[in-house]
Amino acid sequence: MPVLPKIAEYADELTAIRRDFHQHPEIGFEEVRTSGIVAEKLKGWGIEVHTGLAGTGVVGVLKGKGEGSKTVGLRADMDALPMDEQTNLPYASKNPGRFHGCGHDSHTTMLLGAARYLAETRDFSGTAIFIFQPAEEGLGGARTMLKDGLFDKFPCDEIYGMHNNPLAEPNKVGVKPGAAMAGASFFDITINGVGSHGAMPHHSKDPIVIASALVQSLQSVVSRNVPAVDTAVLSVTQVHSGSAYNVVPDKAVISGTIRYFKDEVMELIHHRVRSLCNGMAQAYEISIDVDLRNIFDVLMNDPALSDAYMDAAREIVGEENVEETRDVVTGSEDFADMLKVVPGAYCTLGHKGTVPVHNPGFILDDDMLPVGASIMARIVEKRLAS
């Protein structure tokens, strides 16, 4: 089965919707325009619409023709990245410092395409739940929706998500059963030193010297504390201090991220970071404040539902284009938080492109839109077969 015929008929409309979202990107918890369009379109297709979860979240509820108690959820993220676009596309971002550089505009559009198709056909028994989530990019949109009672108000037996992949061949679908994407913590470490004149550093407790030593020590945590058979990453990504050539500052801030695939590894790294900071504070007779925040859970794909997702994808893109992948991804995705509550699976869908996501030159291929919409619609039809 190729792209579902009904979806193929409105492929051009999906492209227009996606490019409109692309021109008007909104970052996490600010997706007012985007969520308004989503809600309007769902209502127009006769889908029951609920708004307000996590502020800008939208949930659509659709019952099939047949009587059934089972419920399947489909989820897409809506937020853009706080960065400038450098593509020179005719439909490039009109909002400075805002860019759909991760392709969430395509995810939203594909879920809209699936919702429209399912609303027009209703060839399933039970209920389909369409979840349009804000703030995936490190701001906790999934956790906020859960806190607001997402699955209490809209129970799901299983749930599915999708992400574009410009580094895979077009129409290639990949699913990694089990642990698939890393959990993540962010950290901010504030070194409270003593400032002085730059010509008299002996009067200071130089936070830059301390920060330099601490960065080097932090880089040893994974290599010397985490078992070699476990995958983990600790990256210091920011160091901020100072304001003048002749002033030793009184403060320095180190920030970064930790990635892991086991909670016990996360706890080990958190412990070592705190221990190193405590040791440095004692050695240099200053204080160090440590702010460690868990942002993403490990994304765990249910093995049986991963197989079901791949079966649905095969009917759209063909056996040769569906792969059970083995490699874990050290990037993170907050759909993991939903999968921690409801079993499900997450796949990637390849499209034409040479520039990775989160790059100012990233360009999404609109040819993927009807393909992704068809896969999402098909998993609902198969899991809620009449």
Side-chain angles (χ1 to χ4, degrees), residues 1-15 18 45 60 62-66 68 70-76 103 106-131 156-165 168-177 180 301-326 335 339 342-352 365-386:
M1 180 187 295
V3 168
L4 296 172
K6 274 186 172 291
I7 292 179
E9 290 174 5
Y10 51 79
D12 289 345
E13 294 179 51
L14 294 180
T15 295
R18 204 281 297 182
W45 299 326
L62 179 68
K63 295 188 178 298
K65 290 178 182 176
K70 188 174 178 180
T71 302
V72 170
L74 300 175
R75 171 270 194 183
S106 72
H107 306 165
T108 302
T109 303
M110 290 187 292
L111 182 50
L112 283 173
R116 175 177 173 178
Y117 168 85
L118 292 168
E120 291 177 353
T121 59
R122 298 189 187 239
D123 188 19
F124 62 93
S125 297
T127 305
I129 306 291
F130 310 112
I131 301 167
C156 293
D157 294 300
E158 52 198 63
I159 189 169
Y160 300 88
M162 180 181 292
H163 203 292
N164 75 90
N165 183 3
E169 294 180 23
N171 298 335
K172 285 283 187 180
V173 174
V175 180
K176 166 67 170 65
N301 282 325
D302 181 272
L305 299 183
S306 296
D307 289 341
Y309 210 5
M310 286 187 282
D311 285 343
R314 289 185 184 100
E315 295 188 12
I316 305 301
V317 300
E319 176 75 34
E320 70 281 4
N321 283 317
V322 177
E323 177 185 16
E324 179 181 315
T325 59
R326 297 182 179 181
F335 185 54
L339 289 177
V342 175
Y346 188 71
C347 79
T348 58
L349 176 60
H351 63 86
K352 288 182 292 186
D365 175 22
D366 288 312
D367 288 346
M368 76 173 297
L369 300 176
V371 181
S374 294
I375 293 171
M376 297 182 95
R378 193 70 188 115
I379 187 63
V380 170
E381 290 181 330
K382 288 178 71 68
R383 299 301 293 173
L384 299 178
S386 299

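Residue numbers run from 1 in the order of the sequence given. Keep in mind that the numbers below use all heavy atoms, side chains included, and drop hydrogens, waters and symmetry copies.
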Heavy atoms from other residues, nucleotides or ligands near NZ of K63 exceed 12 (cutoff 6.0 Å): no

Shortest non-hydrogen separation from A114 to M376 and the atoms involved: CB-CB, 3.9 Å

Pair Y309-N301, side chain to side chain contact (heavy atoms under 4.5 Å, CB included): steps then yes or no: CA-CA 10 Å; Y309 210 5; N301 282 325; over 6 Å; no

Side-chain heavy-atom pair E324, D307 within 4.5 angstrom cut-off: yes

Residues Y160, Y346; criterion ring-ring contact (aromatic ring centres under 6.0 Å, His included); working and verdict: CA-CA 6 Å; Y160 300 88; Y346 188 71; over 10 Å; no

Residues in side-chain hydrogen bond (donor to acceptor under 3.5 Å, both in side chains) contact with K382, at least two apart in sequence or another chain: E315

Between N165 and H351: side-chain donor-acceptor atoms closer than 3.5 Å: no

Over 12 foreign heavy atoms within 6.0 Å of CD, E169: no

Heavy-atom side-chain contact between E323 and K172 under 4.5 Å: no

M368 and N164: CA distance, side-chain angles, deciding distance, side chain to side chain contact (heavy atoms under 4.5 Å, CB included) verdict: CA-CA 8 Å; M368 76 173 297; N164 75 90; 3.6 Å; yes

Parallel, tilted or perpendicular, as decided by the 30° and 60° cut-offs, for the rings of H107 and H163: perpendicular

R75 vs I159, side chain to side chain contact (heavy atoms under 4.5 Å, CB included): CA-CA, chis, key distance, verdict: CA-CA 7 Å; R75 171 270 194 183; I159 189 169; 4.3 Å; yes

Check: F130 and L118 side chains under 4.5 Å, non-hydrogen atoms: yes

With E9 via salt bridge (charged side-chain N to carboxylate O under 4.0 Å, His left out) - residues at least two apart: none

Side-chain touch L74/V380, heavy atoms, less than 4.5 angstrom: yes

R383/E158 ion pair, N-O < 4.0 Å: yes

T71 backbone acceptor or donor facing D157 side chain under 3.5 Å: yes

Any residue meeting salt bridge (charged side-chain N to carboxylate O under 4.0 Å, His left out) with D311, in chain and number order, not counting sequence neighbours: R314

salt_bridge(R18, D366) N-O dist < 4.0 Å: yes

Exam field: side chain S374 to backbone L4, donor-acceptor pair closer than 3.5 Å: yes

Test item: Y10 side-chain N/O and G113 main-chain N/O as donor-acceptor pair under 3.5 Å: yes

Audit row: I129, V72, side chain to side chain contact (heavy atoms under 4.5 Å, CB included) steps and yes/no: CA-CA 6 Å; I129 306 291; V72 170; over 6 Å; no

